[in-house]
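To keep things clear, I will list the structure first and then write my remarks on it.
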Protein chains: 2
Amino acid sequence: MRERSIPEATVGRLPLYLRALVEMAEAGATTIRSETLAEAAGVNSAKVRKDLSHLGSYGTRGVGYDVAYLIHQVRRELGLTQHWPIVIAGVGNLGHALANYRGFAERGFRIAALVDVDPRKIGEVVGGTTVRHLDDLAAVVKQNDVAIGVICTPASAAQEVAERMVAAGIRSILNFAPAVIAVPEGVSVRKVDLAIELQILAYYEQRKAALADVKRRGKAVADLAEVSPP
Amino acid sequence: MRERSIPEATVGRLPLYLRALVEMAEAGATTIRSETLAEAAGVNSAKVRKDLSHLGSYGTRGVGYDVAYLIHQVRRELGLTQHWPIVIAGVGNLGHALANYRGFAERGFRIAALVDVDPRKIGEVVGGTTVRHLDDLAAVVKQNDVAIGVICTPASAAQEVAERMVAAGIRSILNFAPAVIAVPEGVSVRKVDLAIELQILAYYEQRKAALADVKRRGKAVADLAEVSPP
DNA sequence: CAGTGTGAACCTTTTCACAGCA
DNA sequence: TGCTGTGAAAAGGTTCACACTG
């Protein structure tokens, strides 16, 4: 293949493959089959092969993929050969957790700054970074060439923070606040909502309970089947 | 419609609609058009109508949807008319953040227990709940009829904790550990990986940078277009 | 001959566009 | 008239199955 613009679904899985590949490499593997990689990433092998074929033909028929080379290719495709300075806005519980999360640094994301508006938090050192005032955002972004912002504020502040980030030159935002934020064309937003994930689980859980109920009573089960999310 | 088993994609958006609807209700709205709800949820109106049609015909042509009634229907469909006791395993930074997150309680999720293996953490009170030993998991699950477990441990412990949860009778797991966990048939798992979200953003950010680069040099741009994630 | 790479079939999701109802 | 509800079309994603190759 080797085309511009990889399918969105594939992009979403590349980091998964990358993590699995790095683990394999650390375990000493030099070569890997699509089947093995699939298992480690929690998908099926056809998907792995199709996904990887979008990056190019990096496998060897009858053998598999060279682990180190594939890691390099996936990193390059994802843009992880460079380092990404990020800014976290909102140093509450979640902001704290993210600031201390070692997984970011391991993957090339450096926390350039933490910002908040609470005067009690400013000056505090969290995860090795001193908390600054939100007003310093523009300066920090310019100085460190920050392209990615993370919003960990309450929902009520999310839109304003997003606007400030965009004004400061940030073009990619990861939003943990339980709110929809509006941004101009050209700015990417991804959101993670912890409560939403639980609600989705609750739906399937409830259906499982209903199914068990029906089974117990010996009613027709056909139309309640397939209750688990794939 | 009103069929058993709503499409997965729709289930994923219902909590989004619910949040928007609750906000609308709090703001005093009694009726809402698909267009308005769509905007508040960050999707388009056709999607809203199709999604809601899976629950039944709860709208009024020419008018819209009754906010209070629709909230009730969405809640019922998601299984949020009942309360869900949950258990959080791993009281590190993220576990702390989740234990203190008010959004859970607001949506009917009650933290029945926090468990960890670190003796220094056991007995500590976090977000109003005392941390207990992982060994107490089965007892806690039985006693509180817990159906949902949340894993906030390091990746290395995730699989073991998942197995213990399943053994204790938990059938739905929300996994924050950066690891793929294997569970038996019938157990649902959803995962949230903070670092993966950033990597996906990095991909699109990198592509935007590449596009800007090409533009600056006046090269053909066509095959690099459509760089933003939808 | 084991395992990749990929057309083709299949399934899911999104979008369109408009009939039909309050 | 204004908006829902929904078939039909289009797009996107997954799975199958096998030709091909190191």
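As the structure is a computational prediction, the values presented were derived from the model and not from experiment.
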Calculate the interatomic distance between D66(A) atom CG and dG3(C) atom P; express it in whole Å.
-> 16 Å
Ignoring hydrogens and geometry, is there a side-chain-to-backbone donor-acceptor pair from H72(A) to A68(A) under 3.5 Å?
-> no
Check each of Y65(B), Y17(B), Y69(B) against Y58(B) using the ring pair (Phe, Tyr, Trp, His ring centres under 6.0 Å) test, and report the only one that passes.
-> Y69(B)
What is the distance from CG of L55(A) to P of dT4(C), rounded to the nearest Å?
-> 14 Å
Contact under 4.0 Å: Y65(B) side-chain N or O vs dG5(D) OP1/OP2 | yes
Mind checking what makes salt bridge (charged side-chain N to carboxylate O under 4.0 Å, His left out) contact with E205(B), not counting sequence neighbours?
-> R171(A), K208(B)
Minimal non-hydrogen separation, A25(B) against I71(B), with atom names = CB-CD1, 3.9 Å
Starting from the first five and the last five pairs of the helix from dC1(C)-dG22(D) to dA22(C)-dT1(D), work out the angle between the resulting helix axes, to 10 degrees.
-> 10°
Report each atom pair, protein N/O against N/O of nucleotides 20-22 of chain C, whose distance is under 3.5 angstrom.
| unit_1 | atom_1 | unit_2 | atom_2 | d |
| --- | --- | --- | --- | --- |
| dG20(C) | N3 | R61(B) | NH1 | 3.4 |

Figure out the CG/P separation between L70(B) and dT4(D), and round it to whole Å.
-> 11 Å
Which ones in residues 20-38 of chain A lie close to DNA chain D, meaning a heavy atom under 4.0 Å from one of its atoms?
-> none
Per-nt protein contacts along nucleotides 13-18 of chain D (heavy atom under 4.0 Å; B base, S backbone sugar-phosphate only, - none) come out as SSB-B-
Taking Q159(B) for its side chain and A182(B) for its backbone only, find out whether a donor-acceptor pair lies under 3.5 Å.
-> yes
R107(A) (side chain) donor-acceptor with G103(A) (main chain) under 3.5 angstrom = yes
Using the test salt bridge (charged side-chain N to carboxylate O under 4.0 Å, His left out), find all partners of R33(A) that sit at least two apart in sequence or belong to another chain.
-> none
